[in-house]
Amino acid sequence: MKKGEFLYEGKAKRLYKTEHPDILWLEYKDDATAFNGQKRESLAGKGPLNNAISSWFFTLLSQHGIGHHFLDTVSDREQLVRPVTIVPLEVVVRAIAAGSLCRRLGIPEGQRLPNVLVEWYYKDDALGDPLVTEDHIALLELAEPEQLAFMKAQALQIYAVLQQALEPKGIVLVDFKLEFGLDSSGRLLLADEISPDTCRFWDAQSGKKMDKDRFRQELGGTLDGYREILERLGGKANV
Ligand code: TMP
Ligand code: ASP
């Protein structure tokens with residue numbers, strides 16, 4: 001498989017064609033951004049860490065029969081994925097209050113929620129990715145009700161699989177964000193990444209943050225947290 005024509009650059013990844021129309025080449029960059037791109041920095045080695053961690057999570061989901069776009073890891077910062085047309089929604093799953101939930105509803109950080117929540121955010125940089133209701137999603141024709149039901153069920157199933165895998169490793173899964181896309185046959189498929197950029201991971205003993213909140217909140221040692229996650233998953237960090 002060869003890296004082909006450049007297709008798209010996002011905040012954290014670049015996408016290329018391959019010689020196979022049904023396979024794309026995804027490269028994880030070292031760039032870190034927060035607050036809709038207003039804060040940005042290059043963290044040398046973030047790309048390889050997220051590539052390895054994301055590959056680990058997608059492989060775990062395969063073992064549980066959950067489909068996704070990930071096919072294979074091809075280098076320290078690159079993987080092969082299925083092409084999808086991204087649904088412009090961020091699907092956020094929350095088990096413990098943190099981040100925007102605390103700011104929006106006044107719930108103290110760290111409070112376990114009585115039920116796991118699923119929220120929808122409209123992926124639109126100009127609007128700052130606002131929280132939207134299912135009625136808003138229908139109004140904007142972003143997804144059909146059956147597609148929302150599918151994504152919600154998948155999101156909750158993914159929470160269960162991830163939480164069960166992380167608990168014995170002393171990692172608390174606080175919340176995370178998923179993105180889905182439509183594949184060539186119109187089926188919804190989990191896409192994007194699952195990494196410390198898109199999840200909140202806390203140490204079960206100390207509550208130490210091991211995710212992008214270290215960067216967002218300027219706590220320092222961002223990549224030490226990412227490295228610790230990879231090592232606890234049994235992976236080797238070369239950076
Ligand atoms: P939030 O509390 O800031 O809304 O974030 C919820 C989860 O979604 C958290 O795990 C971080 C993740 N997230 C992203 O992956 N991308 C984003 O742009 C934002 C705002 C959050
Ligand atoms: N992905 C978001 C951005 O740069 C930030 C975040 O994860 O908080 O803008």
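Read the numbers this way: they start at 1 and go in the same order the structure lists the ligands and their atoms. Below, all heavy atoms of this structure are taken into account, side chains as well, without hydrogens, waters or symmetry copies.
If you look at Q38 next to ligand 2, there are no close heavy atoms at all, none under 4.0 Å. Neither the backbone nor the side chain of R40 has any atom closer than 4.0 Å to an atom of ligand 2 (non-hydrogen atoms only).
Salt bridge K208/D224: absent, no basic N to carboxylate O contact under 4.0 Å. Residues E167 and K169 are not paired through a salt bridge, judged by the lack of any N-O separation under 4.0 Å between the basic side chain and the carboxylate. For R82 and D183, the salt-bridge test fails: no basic side-chain N is under 4.0 Å from an acidic carboxylate O. A salt bridge links E228 to R232: at least one charged side-chain nitrogen sits closer than 4.0 Å to a carboxylate oxygen. Checked for salt-bridge contact, D31 and K29 meet the test: a charged N lies under 4.0 Å from a carboxylate O.
Follow the hydrophobic side-chain contacts under 4.5 Å out from L60 and you reach L190 in the same cluster.
Of the candidates D213, D211, N36, T33, it is T33 that places a heavy atom closest to atom 4 (O) of ligand 2.
When each of E193, E78, H69, R77 is paired with L26, the side-chain contact (heavy atoms from CB on, under 4.5 Å) condition holds for H69 and for no other. Under the side-chain hydrogen bond (donor to acceptor under 3.5 Å, both in side chains) test applied with D197, the options K13, K11, K177, K46 reduce to a single match, K46.
Protein heavy atom closest to atom 1 (N) of ligand 2, with residue, atom name and distance, is K212 NZ, 4.0 Å. Counting only heavy atoms of the protein, atom 8 (O) of ligand 2 lies nearest to R216 NE, 2.7 Å.
Counting atoms of ligand 2 from 1 in the listed order, those under 4.0 Å from a heavy atom of G37 are 3 (C), 4 (O), 9 (O).
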> So Q157 and Y159, side-chain hydrogen bond (donor to acceptor under 3.5 Å, both in side chains) or not? Walk me through it.
Replying inline: CA-CA 5 Å; Q157 209 185 337; Y159 171 76; over 6 Å; no

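Within 4.0 Å of ligand 1, contacts by protein heavy atoms are made from E90, V92, R94, A98, G99, S100, Y121, D175, F176, K177, D197, T198, C199, R200, R216.
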